[in-house]
Protein chains: 2
Amino acid sequence: MNAPHSEFLCHARGNCPRLCSGQSAPAALARELERGDLLFRSGDNAGALFVVRSGAVKTCRLGEDGSEQILGFYLPGEIVGFDAITQGRYVADAMALKATQLCRIACQPAASASGDGSLLPERLMTGFGQEVQRLQNLLVLERCSAEQRLARFLLQMADKQARLGRSSRYVSLPMARGDIGRFLHLATETVSRMFTRLAGLGWIRIEGSGVEILDAAALAGSRPQPALRRDRPALPQAA
Amino acid sequence: MNAPHSEFLCHARGNCPRLCSGQSAPAALARELERGDLLFRSGDNAGALFVVRSGAVKTCRLGEDGSEQILGFYLPGEIVGFDAITQGRYVADAMALKATQLCRIACQPAASASGDGSLLPERLMTGFGQEVQRLQNLLVLERCSAEQRLARFLLQMADKQARLGRSSRYVSLPMARGDIGRFLHLATETVSRMFTRLAGLGWIRIEGSGVEILDAAALAGSRPQPALRRDRPALPQAA
DNA sequence: CGGTCTCTTGATCTTGTTCAACAAGTGTGG
DNA sequence: CCACACTTGTTGAACAAGATCAAGAGACCG
């Protein structure tokens with residue numbers, strides 16, 4: 001998470017004037033996919049962003065229980081792959097929904113590009129990528145039971161605080177229960193009940209305006225019900 | 001949406017070496033807020049990003065029904081305001097959860113920064129900002145009833161297709177019902193039921209692998225139940 | 001034409017919301 | 001210093017949206 005961030009300088013390549021911002025323009029396509037083909041896979045080294053020229057692409061993440069979580073559908077003109085900017089590797093899978101043509105935009109990791117004092121690439125891109133990933137994580141979190149949502153939230157806060165050098169055992173919560181509810185999309189009452197439940201399980205201890213984490217592993221593994229039946233991952237036919 | 005995008009070049013200002021990436025370092029703070037103070041408001045002209053130095057900030061959007069949707073909590077070291085990059089104005093509200101110090105990073109809209117052929121700022125930043133907003137919208141969407149989620153999804157797809165010059169009346173859906181479900185976080189059966197319901201209301205007509213939109217206004221206004229009681233917006237005491 | 005998917009519809013169950021009441025904490029003023 | 005108001009957090013009971021289980025209807029394809 002706090003790993004040395006790589007920076008990117010991106011150059012269009014092939015016949016893609018201005019990142020293919022228009023629709024037409026014929027040739028020099030970088031990738032052609034059939035329905036079900038993978039454009040990239042979570043974990044792949046990210047050398048590029050992709051602009052959809054024709055067809056359609058979906059991006060998704062696999063929940064740890066095997067359930068598929070779709071993050072977006074991309075139609076022609078839209079750009080896929082922003083999640084990779086921060087770490088230089090994709091975080092989601094991307095798959096063609098039908099025959100699809102894409103334009104590849106090479107992104108070479110490059111140290112601090114514009115050396116004119118402007119710090120556009122320096123940390124900004126990293127922050128941007130983190131924001132995208134944070135939102136993606138939030139969407140994934142949204143797909144869990146109330147108990148799991150709160151458990152993850154607490155771990156997340158603990159992690160944030162650990163990064164600041166504070167103890168990750170005692171998590172201070174500057175926000176009200178209602179705020180947590182509006183963040184996790186739970187009624188205030190449910191948030192309260194889940195705090196009580198986690199404390200009852202012996203996983204946390206409520207302590208002033210924060211909580212003490214007693215069993216982080218249990219919190220992380222909390223998975224009472226998948227909340228949504230895991231269908232078979234994806235497109236059945238096709239490679 | 002498709003408005004001429006402004007580009008940004010960002011320079012640190014004040015005592016913020018490397019975007020305040022560390023924690024300490026004393027002086028020259030740009031903003032100091034008390035609990036409940038607004039850092040910026042949705043619609044404000046976005047002249048800057050902010051790095052949290054101490055304290056805590058929440059960002060939120062107001063649903064059209066007045067309910068508050070929290071998009072994130074930001075602790076020291078984190079950057080607030082990325083959602084504004086694309087349009088030059090903030091899309092969310094940001095409020096201090098307690099006494100908070102922030103470091104301001106001025107972002108002057110600047111045309112196509114690095115003129116060396118690299119098109120980093122050219123469309124990339126815009127795309128990045130759009131991705132952030134897309135994810136934020138997705139999170140907001142997540143907070144609606146099944147009917148509303150599907151209705152919005154269809155309008156979204158219609159909008160995308162309209163931008164491609166295709167008809168926005170007939171929406172082709174290249175993905176399976178199950179895919180829509182995994183995107184909207186609904187069981188396949190529920191997606192199917194909602195299609196049937198919307199068709200029964202006369203708002204859409206199912207047509208091959210897509211739908212014809214008969215009453216876009218009704219779809220947009222679809223709001224059977226708020227799905228979550230709207231609490232009073234936010235922090236009660238404090239300015 | 002049979003097999004395999006996808007979509008649709010019905011019945012039942014679970015989770016989390018909603019309504020309601022109460023406890024605990026904080027601050028103010030008499 | 002304590003009573004009172006006000007806010008935040010906790011707990012109980014009833015309800016509802018949507019998931020799950022189950023089964024059947026089309027569609028597509030070899």
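Predicted model, so just to flag it, every value in this text is computed and none were measured. All values below were derived from every heavy atom in this structure, side-chain atoms included, with hydrogens, water molecules and symmetry-related copies excluded. Labels below follow one simple rule: chain letters A, B, ... track the order of the sequence lines, proteins then strands, and each chain is numbered from 1.
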Exercise for the section: Using atom types as modelled and distance alone, determine if a side-chain donor or acceptor of Q161(A) lies under 3.5 Å from a backbone N or O of A158(A). Expected result: no
Problem - Cationic N near anionic O, under 4.0 Å, D179(B) to R182(B) - result: yes
Exercise for the section: Grab the CZ-C1' distance between R182(B) and dG18(D) for me, whole Å please. Expected result: 17 Å
Practice task
Decide whether Y74(A) and R134(B) meet the rule of one side-chain donor and one side-chain acceptor closer than 3.5 Å.
Solution key: yes
Problem - Pairwise salt bridge (Lys or Arg N to Asp or Glu O under 4.0 Å) hits with a residue in residues 165-176 of chain A, at least two apart - result: R169(A)-E212(A)
Completion exercise
Rounded to whole Å, the CZ-C1' distance (R143(A) to dG18(D)) equals 14 Å
Practice task
Would you confirm whether K160(B), through its side chain, and F73(A), through its main-chain N or O, come within 3.5 Å as a donor-acceptor pair?
Solution key: yes
Exercise for the section: Using whole Å, report how far CG of L186(B) lies from C1' of dT20(D). Expected result: 14 Å
Handout entry: Backbone of E142(A) reached by a side-chain donor or acceptor of R149(A) within 3.5 Å
Key = yes
Problem - Separation of atom NE2 in H185(B) from atom P in dT15(C), rounded to whole Å - result: 14 Å
Exercise for the section: State whether F195(B) and R177(B) meet the cation-pi test: NZ (Lys) or CZ (Arg) under 6.0 Å from the six-membered ring centroid, and within 45° of the perpendicular axis. Expected result: yes
Completion exercise
L184(A) CG to dG16(C) P, in whole Å, measures 12 Å
Exercise for the section: Kindly give the heavy-atom pair with the smallest separation between F82(A) and E131(B), and that separation in Å. Expected result: CD1-CB, 3.9 Å
Exercise for the section: Return the value, rounded to whole Å, for the distance between atom CG of L150(A) and atom P of dG9(D). Expected result: 13 Å
Handout entry: Min side-chain heavy-atom separation L155(A)-V171(A) under 4.5 Å
Key = no
Problem - Global bending angle along the helix from dC1(C)-dG30(D) to dG30(C)-dC1(D), which compares the axes of five pairs at either end, to 10 degrees - result: 30°
Practice task
Kindly point out which of dG16(C), dT20(D), dG18(D) is positioned nearest to the side chain of S145(A)?
Solution key: dG16(C)
Completion exercise
Atom CZ of R149(A) and atom P of dG16(C) are separated, to the nearest Å, by 7 Å
Please write out each protein N/O paired with an N/O of nucleotides 7-12 of chain C under 3.5 Å, distance rounded to 0.1 Å.
{"residue": "dC7(C)", "atom": "OP1", "partner": "R177(B)", "partner atom": "N", "Å": "3.3"}
{"residue": "dC7(C)", "atom": "OP2", "partner": "R177(B)", "partner atom": "N", "Å": "3.1"}
{"residue": "dT8(C)", "atom": "OP2", "partner": "R177(B)", "partner atom": "NE", "Å": "2.9"}
{"residue": "dT8(C)", "atom": "OP2", "partner": "S192(B)", "partner atom": "OG", "Å": "2.7"}
{"residue": "dT8(C)", "atom": "O5'", "partner": "S192(B)", "partner atom": "OG", "Å": "3.0"}
{"residue": "dT9(C)", "atom": "OP2", "partner": "T196(B)", "partner atom": "OG1", "Å": "2.6"}
{"residue": "dG10(C)", "atom": "N7", "partner": "R193(B)", "partner atom": "NH1", "Å": "3.0"}
{"residue": "dG10(C)", "atom": "O6", "partner": "R193(B)", "partner atom": "NH2", "Å": "3.3"}

Practice task
Quickly work out the E147(B) CD to dA16(D) P distance and round it to whole Å.
Solution key: 17 Å
